[in-house]
Amino acid sequence: MPAPALEAPPTAAGLDLERTRRTIRLGRAGVWACLLAGPAALALALTQPAVTVVPPDAPAPSPNADSAVAAADPSGYVAEFADAWLRSDADAPDSASAMRALRLGPGVALPEPADGAKAPQEVRSVRSVQRSGSQWSVTVAAQYADGVRYFAVPVTASKSDGAVAVTGTPALVAAPAAAKAEPSVYRVEVPDGPLADTVGDFLTAYLGGSGDVDRYLAPRTSLDAVAPALADKVDVDVVSAREEAAAGEQVASDGTRVHVEASVSAHTKSGTWPLSYELTLAARGGRWEIAALTSGGGATK
């Protein structure tokens, strides 16, 4: 009787193929089971993540650019360096200012101020530009008694560990160019009437503490008055709106929302201050109510 033939041991590729087939058979079986169990079970099965078979020798996924950690804006670091650098003296390298400047910008040459030269009153960063990768240029403004001087400082900000270093001597530069103001989106003049009255009464309560601001707020709007109260009196100078509905002599129909900008004069013990507020108002029950205060870049509602 002939001996039974020996089967060849399965290869790695054969094992991967068999596992893939088994996964497909199990998936089909699961779907059929869900069909028998009802639509709800089928929906549950279809929402489960698909099974992906990855060969054992497949390369690891490479990180993409979107997952890279962005370098933080180093403007605050540079302002600290520039303040120390402008107060330092190359003839006194052991002074606190010089050592601080050299710690923040190793190897950077120190200035040699003349006898009696005044240090800056204040140093602030006013502009930062990321040139490429970790390379930045930060412009700082140094306030002196006789004017403002601007310095551009090269700096490296590491993406991996957040380390920052000034990489070169500051450059004295012209003031950054002022951007042209965009046309205002508030182009509808709001005459004296219910809406302007509501804005004036609200801002008087908000800035001067005369009355409760809640009485002027729409439902589900929460806003605290300025404390301590700032103004003894608030005059509304101009109210402009985006929507024509804000300029009506009568209050609009319930549910109408308008966006306005109010320029006011706040009279305080220290003088008169021109202020501007962006507000959203909603019409309800024959009156305008404050639905949001958006001045300063964030809505409060």
Quiz prompt | Pair T268, W273: side-chain N/O donor-acceptor within cut-off below 3.5 Å | solution = yes

Exercise. Check whether any side-chain heavy atom of T221 lies under 4.5 Å from a side-chain heavy atom of I290, and answer yes or no.
Key: no

Quiz item: Quick one: CG on L217 to OH on Y206, what's the gap to the nearest 0.5 Å?
Solution: 11.0 Å

Practice problem: Would you kindly say whether T156 and Q135 are connected by a side-chain donor-acceptor distance under 3.5 Å? | Solution: yes

Self-check item: D115 atom CG, neighbour heavy-atom count above 12 within 6.0 Å
Solution: no

Acceptor/donor pairs from residues 91-101 side chains to any protein atom, 3.5 angstrom cut, sequence neighbours excluded:
unit_1, atom_1, unit_2, atom_2, d
S95, OG, A92, O, 3.0
S95, OG, A98, N, 3.2
R100, NH2, D83, OD2, 3.4

Quiz item: Do the side chains of L110 and W85 get nearer than 4.5 Å, heavy atoms only?
Solution: yes

Self-check item: Spatial distance of atom CH2 (W288) from atom CG (D197) [nearest 0.5 Å]
Solution: 13.0 Å

Quiz item: Heavy-atom distance under 4.5 Å between the side chains of Y277 and L207, does that happen here?
Solution: yes

Practice problem: For Q143, look at atom CD and say whether over 12 heavy atoms of other residues, nucleotides or ligands are found less than 6.0 Å away. | Solution: yes

Self-check item: Short side-chain donor-acceptor distance under 3.5 Å, S263 and D237
Solution: no

Quiz item: Applying salt bridge (Lys or Arg N to Asp or Glu O under 4.0 Å), which residue pairs with at least one partner in residues 284-293 are found, sequence neighbours left out?
Solution: R284-E289, R287-E289

